[in-house]
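Following: one structure in structure tokens, then a few remarks.
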Amino acid sequence: ECLSEEDRDSIKRLIAQHPCYNKDAQHKFGRIHLSVAPKCNIKCKYCDRKYDCVNESRPGVTSEVLNPQQALEKTQKVLEEYPFIKVVGIAGPGDPLANEETFETFKLIKQHFPDVTLCLSTNGLALPARIQDVLDSGVSTLTVTLNAIDPEIGAKIVDHVNYNGKTYRGVEGASILLENQLEGIRKAVEAGLVVKINTVLVPGINEDHIIEIAQKLNDMGVYIMNVMPLICQADFADWTAPTPQERKAVQDSCEPYVQQMRHCRQCRSDAYGLLGKDLSQMSEERRNMVKV
Ligand code: SF4
Ligand code: SF4
């Protein structure tokens, strides 16, 4: 309600050109992920830290970490070649807010490409502490991974959190994470960011709880929710992933409360191009032509 007409128009324009927030944009507009954030401040039980952050990414891939200057150079090359890329995001391979390089990179990108949409995804632990830095960076779309709004359930999914120099486990760790996530999401929505929530569907743990998360997101003014299937690795190596039908049933139950993203491709933290037509996955030959 406190947004001006102008703010509302710019939000409409950025949603129209963001392939993850709007399925009609996915064939027309692309995004580039810059893999500048290797460290993480929590340990999810489904995470194998050899690979990219599962909260936003595809299993079993390791993206090469770039420094901010290299990330800028990559962006310059890719945007020159692919002007349909309108979104520059940082999603890993760890938690972007646990790495100062995230902010340095956004600053460089903003200086050189003032018109692109900056996008960030995080587990949310450091969001209240860093929200002002996120806003100052010019980020306008934010994804937070929120797997539970009950710390008893959360504790079955997160192993520990590192917070203000200490390690917290079990329900205590999950409570700290949850409090920060909710406060961070609230502040982000209040500041006018367009917020997406990723929720990893873990059968036997949160499948009946996700609808409660959706109801909460409705109250909080979150724009869209992305229910992602569990990737069975690390502590969940012997678990069973949800079937597409199970995932769809959860999404259908949540749809009345918050719009559902159903076209997520679980991209790599260094992906670029159109969703599902990831140029970083292209043949060596084609990539050399693009010279990235
Ligand atoms: Fe792994 Fe991402 Fe969880 Fe960190 S937030 S432990 S990188 S899945
Ligand atoms: Fe979009 Fe999903 Fe890919 Fe993230 S992982 S860029 S939300 S399609």
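Just follow the structure's listing: the first ligand is 1, and inside any ligand the first atom is 1. This chain uses plain numbering: 1 for the first residue, then up along the sequence.
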Looking only at side chains, do Thr145 and Asn123 share a donor and an acceptor under 3.5 Å apart?
no
Any non-hydrogen atom of Asp95 lying under 4.0 Å from ligand 1?
no
Which ligand 1 atoms, with their elements, are less than 4.0 angstrom from a heavy-atom of Lys43?
6 (S)
Side chains of Val134 and Asp136: does their closest heavy-atom pair fall under 4.5 Å?
no
Which is it for Lys45 and Ile157 under the side-chain contact (heavy atoms from CB on, under 4.5 Å) test, yes or no, and what are the steps along the way?
CA-CA 5 Å; Lys45 291 188 182 183; Ile157 304 176; 5.7 Å; no
Any idea which protein heavy atom is nearest atom 2 (Fe) of ligand 1, and the distance to it?
Cys53 SG, 2.2 Å
For ligand 1, which atoms, with element, lie under 4.0 Å from some heavy atom of Asn123?
5 (S)
For residues Pro96 and Ala37, report the shortest heavy-atom separation together with the two atoms involved.
CA-CB, 3.6 Å
Please determine whether Cys40 has a backbone or side-chain N, O or S atom lying under 2.8 Å from atom 4 (Fe) of ligand 1.
yes
Name the closest protein heavy atom to atom 3 (Fe) of ligand 1, giving the residue it belongs to and the distance to 0.1 Å.
Cys44 SG, 2.4 Å
Please name the residue in the list Val250, Asp150, Val202 that meets the side-chain contact (heavy atoms from CB on, under 4.5 Å) test with His209.
Asp150
For atom 1 (Fe) of ligand 1, what is the nearest protein heavy atom, given as residue, atom name and distance?
Cys47 SG, 2.3 Å
So, Asn226 versus Asn198: side-chain donor-acceptor pair below 3.5 Å or not?
yes
Heavy-atom nearest neighbour in the protein, as seen from atom 5 (S) of ligand 1, with distance rounded to 0.1 Å:
Asn55 ND2, 3.1 Å
